[in-house]
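Lettering follows sequence order; numbering is per chain, from 1.
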Amino acid sequence: MKKKLVGLVSALALLATPSLAADKVKVGFIVTLSGPAGIIGKHMKDGFELGLEHVGGKIGGLETEVIFGDDQRKPDVAKQLVDKMIKRDRVQFVTGVIWSNLMMAIHGPVTRSDTFLISSNAGPSPIAGKRCSENFFSVSWQNDQTPEAMGKYLQDKGIDNVYLMAPNYQAGKDMLAGVRRYYKGKVAGQVFTKLGQQDYSAELSTLRAAGPDAVFVFLPGGMGINFVKQYAQAGLKDSIPLYTAFTADAVTLPAQKDAALGVLGTQTWSPDLANPVNKRFVADFRAKHGYIPSFYAAQAYDTVRFLDAAVAKVGNVSDRDALRAAMRAGDFPNTRGSIKFNNNHFPIQNFYMREVVKQDDGSFTTKIRGIVFPAYGDSYAKDCKMSW
Amino acid sequence: MTEPVLAVEGLVKRFGGLTATDDLSLSVTAGEIHAVIGPNGAGKTTLIAQLSGDLAPDDGRIRFAGRDITGLRADERSHLGLARSFQITSIFPGFPALDNVALAVQAHAGHSFRFWSPARRDAGLREPAMAALDEVGLAARAGIVAANLSHGEQRQLEIAMALATKPSLLLLDEPMAGMGIDESARMIDLLRGLKGRHTIVLIEHDMDAVFALADRITVLVYGRAIATGTPAEIRANAEVRQAYLGDAHVG
Amino acid sequence: MQALRQPRLLAQLILLLLLAAVPPVMTAIDEPFYTSLFTRIMIFAIAAASLDLILGYGGMVSFGHAAYIGVGAYTVGILSFYGVDNGFIQFPLAVLLSAVFAAVIGAICIRTSGVYFIMITLAFAQMLYFLGISLEEYGGDDGMPVYRSEFGGLLDLYDANHLYYLVFAVLAATLYFGHRLVNSRFGMVVRGMKSNSLRMRAVGYPVYWYRLTAYVISGTMCGVAGALFANWSEFVSPDIMHWVRSGDLIIMVIVGGMGTLFGPVLGATAFLLMEEYLPEILEGTAPGAGEHWHFVFGPILILIVLFAKGGIFGLFGGRERGDD
Amino acid sequence: MDGLLLLEQTFNGLQFGVMLFLMAAGLTLVFGIMDMVNLAHGSLYMVGAYIATTFTQWTGSFVLGILLAVPATALVGIAVEVVVLRTLYDRDHLDQVLATFGLILFFNELVRTVWGPAALFSDIPAFLQGQVEIIPGVPYPAYRLAIIGVGLAVALALYLIVSRTRMGMLIRAGASNREMAGALGVNIKLLFTLVFGLGAAFAGLAGMMTGPITTVEPGMGDPILILAFVVIIIGGIGSVRGAFVAAILVGLVDTIGRAFLPQFFRLFVADSTADAVGPAVASMLIYILMAAVLFFRPQGLFPARTG
C-alpha cells in the first residue's frame, strides 16, 4: 500500500511539466462536456476550435496551448479545474464557463490569482456589479440584458397583459425581473416552474385559463424543447404569441422544429448577421461540424478572436497591464460586428429581435427582425467601482 | 399463594382472518419449567412473540413480575427480567461467541452511550459473558466466530445470551430445533441444570424432552389452550390425546 | 503503541504520514495544485468515513448524506455573508446545526428500515436541496462566494498549506474518533444492530435511540466536512446537496470498502482521482475520447461490484474483524 | 370556471400518473420478486424513447415505430438481465445500487455516442394532433388523452396478467414469499428474465409515449427514475396495485400542487413571498408526501411482503 502511494506521488511529480516559457500562450477552456448536459459544451468547444483554426492555431501569433476541462456541471469540479489550470498548467487565461453558478464558484479564485478570466457565456449580476474585477472580461452578455431587451420590445410594441414563466432558480428570477424592468404593462400571471421540469401541462392549463395576450418564457435547454412543443400541442401557439429568451436556439431547434416556427426571442447574435466575420464563421462552422452554430458557439469563437487581438497587440503574455489595456480597447473581429467594453468589462453591444424560420433545406434557424437595443450596456455597471 | 411470575389473561392475536391466539390464559409460577406444546400452526411462536414484546396482541393482558407489561416494548421487558431465544437461530454471526454474549451483558450494564473506551477490553463485560458461556458449556469456544460454530453450539450460544441478561423468566422457542440426538441430549442436560434457578417457558416439539423437563404443560390448539397440567395429567387428558397427541407418542 | 503490532493499522498510519507529507513535497517540486486536490479528496474522505459509520457499521443506507455537507457549508456561508468569519463561531455552529438537522430528520427516518430508509433519507435531502434553491438572499441556485474562516490569527486558510493541515487534522481526528467509536460499547451496539436488530431488541437495547444517535453523529461529522468544503471551495450552492452527490458518497464508501474506517478514505481518493485523470488518460488515446469517460467509469463500477467484494480495502485483505 | 380548470388539471395529473405507473410497474415487480434495486430502469425508459424515435423515422409510422420498439426494448432489458443483473440477485442492495448506477452512466454515454449529444426530434403523429373537448369549454390535447388511454389499458392488462394467469400467480407468490415460489418448482431463472423483460417493455413504452411531448435526450430517464422510486415506496414495494394508486396520487399531488399552491399561498402572505414559497414547496411536495406516508406507514400503503 505504501509502495503504491509513493508510486503515485512520483507519478504526479512526472505529470507536472513546469513550463515557464513566458511567450507561450496557455488557455484553459472550461465547459460541461461529459454526461447528459454535454450538448452546449460541444457547441462551445466546436466554436472555440474553429476560432483557433481561423487564427492559424496561434493566438496573437504566439505558440498556443489550449487545455480543455470538463466541469461536469459541478461547481467544486470547476473550482478544482481552475486550480489545476492555474497552478499546474499555469495558464494565462481561463475561458469558457456556461453556467452562472459555476462562474460564481470560480470567479473569486481565478481573479485573485494572476490569471484573466474570460466568460464565453455566463454573466451573473454580482460579478457585473459590486464584485467586478479587473481580471475578468465577458465576451457574452450580462444575464439581465436579454430579458431587458424583451421587456423593452413588449413595452414599445404596446403589448399588454403578458404572462411570465421561468424556472424557479436564480437565473429564472433574474430573467423575469429583467423583463419587468422595461415592461410596465399588466402582468397576467407570473409562474416559477420546477428546475428541469419535463411536463408543463399543469402550467399550460393555468396559463390558458388566465387568458393573457402574450406569453414570455425563459426555459433554456431541454426545458425549452419540452415547453415549446407542448405549447404548440396545446394549440396555444396560434392564439397567444410566444416571446422567449434562451428558449429557441440552434441547440434546441433541431428538436423543436415546427413547434418553434415564428417564435420570437431577443439575442445578441443570429446566424444571419451580415458581417464578414460572422459570414465566414457560420459557413466554415457548418462545413466543419455539419450543423448550424448556436450563439454559444459564436461566443466561444469570439473568445478566441478576442484573445488573439489582445495578445497580437501586446506581443507577449507576460505584460498583464498591457494585455488588460489591449482587451479593454475592444474592437476585435467578432461575429457580432461591434463590441465595446463597459467599465465593468462587460460588452456594450446590440440586442436583436430574432424569429424562428424554416430554411429551404428543411432546417430551422433564426433571422434578425430588428434591433431592440443598439449598443446596450448592462444596468449593474454603475455598481462597479472600476473605472478606466 | 404467591403471585405467578407470568400471568396471561384473555390474549388475542389475529392475522387477517386467522386467529393465531384465541382468548388464551396462562400462568407460570416461580421456578417451574412450563412447557407449551401443540401441533404446527397452533400459535406457539406467535405466543412467545407477544410475551417477549415483538408482537402486540389485539386484546388481553400480560402481567409479569407483578406489573402489566402488555404495552411495553421488547427491550423494556428485557430490563424487567424477561429473556427469549428464537426458533430460528438468532445470533450475531459475524462476532466471536464471546462478543455475542458480551453484547447481551452490556445491555444490562448501564446505558451504552459510551463512545470512547474499547468494549472488548472491558472486564465488566467480558467476565460475566465468559461465565454465561461457561454455564452453557461453550467456554472453550469463546473466540470462535459465531457463524463457524456448529448448529448445536449456536443454540447453546442463544441460551447463553439469554442467561447473560440475568433474567427471571426465560422464553425458549424450540431450543432443540434441528438438533441431532447427541446435541439434544446435551441441551436437555443444560436446561435441567437451569431448573430451579430460572423460571422457564419452553416451547418444544421434542416430546421426550418436554416430558423429561416440564413441571407443567399447556397444550395449544388453533391458538387456544385446551389443557394445562402436570405431565401426568396431560398424558391422561382425553381431549389432548384426541386433538393432538398420538398414543404412540405419549408411550 | 499497540498499533505497531497490527500490520493493518500500521499501513494506515503510514498512509496518513504520506498524506501529511503532501504539502512540503508539492511545495518542493512547485506543484501546489496537488495540495488543493488532496485537500478536496480529504474533505470527501471525511464525509465518506462519516457515512460509513452508519452505512458500513450500522447497516443504515442513507441516500441523503450530502444534505449535511450542505448544512455545514451553508452555516459557514451564511455567517460569512453576514460578516461573521470567525471559525471559532462558524465551526461549532456548523456542528450544532447539522446535529439538529440530523436529529429532526433522523427521528422520522429511523422509524423505517431497508429500502424505505434509503428513500426517506433521499426525500429529506431533496427537500433541503429545493430549500437551498429557493434561498434567494443567499444566491439561490447560483450560490454565493464565501470568505474563508479566520481563526484569530492562528491559521491563515488562504495559505493552501494551512487549509490542508486543518483538513488533515480533522480527517485524522475523524478516523481516530471513528476507531474509538466502533470499538466502544456504543460501536458494538451499532454493529450488533446491523447484524441482527431483532436480537438486539430482545436482549434489551432500545434500538431506535441507538440508531438515531449513530445517525446524528454521522450527520454531524458530515456537517464538519461541509464547513471545510465551504472553505476549500470559497463558495456554497445547493449543488452540493443534489442527490447525485449523496450517491457519490455511497459509491466512495462501497468502492473503498464498507464497514472499515480507512476504506472510505481510499474510496474517496480513488473516485476523485479517477474523475480527475480518467478523462485525461482517455483523451491521450484518442482526441475527444475524454468526454466519454463515463463509458469506462460505469463498467469499472460494475466490475468492482462483481469482482472486488470488500472494495479496494478488501483487495488489501483489510477486512475488519467482527461484523456480519 | 375554477371548477373546469380543476377538472383539466385533474386530467393532467392523471396523465402524469399513468405515465409514472408504466415506469413504476416494472420497477416494483423487479424489486418485489427479485429483491433487486435496479437504478438502470430509467435507462430502459430512455432507450425505449430513442429506439421508438428511430423506428418511427425509418418506418414513417408512429404506431409501427412503437410496435417495433416495445419488443426491442424488452430485448435490451433481457440482455441487461442476462449479462449483468442476474449475477447480482444474491448480492445486497448496495452492490446492486452501485452496479446499476454504473449501468446508468454506461447507457447515457452509449446513447450519446450512438445518437449524438443533441436532443432528437420526436413529434406527435398526425392522427393524434389537435384538441378534443372532453366537456364543452375544456379543450384537451388528443395525444395526452391517448396516453391516459394506453396507460389505463396497460394497467388493466397487467392486472389481468397478475390475477388471472399462471405467470401472474408466480409473480404474486414471488412478491410475497420468494422461497415459496422457488419451492413451487418453477424455473425461477426464466421467470425472472421474463418479468424483467416485461418491466423493460413497460418502461420503454413510457419513454416512447413521453418522447413526443418532452425531450428525447441523453439522461432523460434519470429524473423519472427518482419519481418512479418515490411511487413504489409510497405504494409498497412489490405491490402492483400500490404502484398504481401511488402513481396516480403522486401525479395528482404534483400537478395540483404546481397549479394551485402559489395561489393558495397568496391567500395568506404577500404575492412576492407566495411566489418564492409556492414553487419551492411545490417542488418538494412529492417528497413531503413520501415522508408523510412513510411516517404513518413505514412499509408504504400496500405492503406486499408477508414473510
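With chain D as partner, the option from C/Ile302, C/Ile108, C/Leu55, C/Ile300 having the largest number of non-hydrogen pairs under 4.5 angstrom is C/Ile302. With chain D as partner, the option from C/Phe124, C/Tyr129, C/Trp243, C/Phe63 having the largest number of non-hydrogen pairs under 4.5 angstrom is C/Trp243. The choice from D/Ile226, D/Val97, D/Thr87 that makes the most heavy-atom pairs within less than 4.5 Å of chain C is D/Ile226. When the candidates D/Val84, D/Ile288, D/Leu285 are compared by the number of heavy-atom contacts under 4.5 Å with chain C, D/Ile288 comes out ahead.
Using a distance-only test at 3.5 Å, with no hydrogens or angles considered, a donor-acceptor pair links the side chain of D/Arg91 to the main chain of C/Val305.
C/Met119 places a side-chain heavy atom less than 4.5 Å from the side chain of D/Met290. Inter-residue side-chain proximity for C/Leu122 and D/Phe229 is flagged as unmet; no heavy-atom pair is nearer than 4.5 Å. Using a 4.5 Å cut-off on side-chain heavy atoms (C-beta onward), D/Leu98 and C/Val255 make contact. At least one side-chain heavy atom of D/Tyr287 sits less than 4.5 Å from a side-chain heavy atom of C/Phe130. Side-chain contact between D/Met284 and C/Leu131: present, with at least one pair of heavy atoms (C-beta onward) separated by less than 4.5 Å. Annotation: side chain of C/Ile120 is not in contact with side chain of D/Ile233 (no heavy-atom distance under 4.5 Å). Contact check for D/Arg112 versus C/Glu291: side-chain heavy atoms found under the 4.5 Å cut-off. Using a 4.5 Å heavy-atom threshold, the side chains of D/Phe106 and C/His294 count as separate.
Counted within 6.0 Å of CZ on D/Phe264, heavy atoms from surrounding residues, nucleotides or ligands total 12 or fewer; the atom is thus considered open. Other residues, nucleotides and ligands place more than 12 heavy atoms under 6.0 Å from the CH2 atom of D/Trp115. Within 6.0 Å of OH on C/Tyr82 lie more than 12 heavy atoms contributed by other residues, nucleotides or ligands.
Distance CG/C/Leu306 to CG/D/Asp95: 8.5 Å, rounded to 0.5 Å. To the nearest 0.5 Å, atom CD1 of residue C/Ile251 and atom CZ of residue D/Phe101 are 4.0 Å apart.
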Problem set entry | Verdict with supporting geometry, C/Val115 and D/Phe31, side chain to side chain contact (heavy atoms under 4.5 Å, CB included) | CA-CA 10 Å; C/Val115 179; D/Phe31 207 150; 3.1 Å; yes

For this session: Apply the test side chain to side chain contact (heavy atoms under 4.5 Å, CB included) to residues D/Leu94 and C/Val253: give CA-CA distance (whole Å), side-chain angles for both, the deciding distance (0.1 Å), then the verdict.
Result: CA-CA 10 Å; D/Leu94 275 175; C/Val253 170; over 6 Å; no

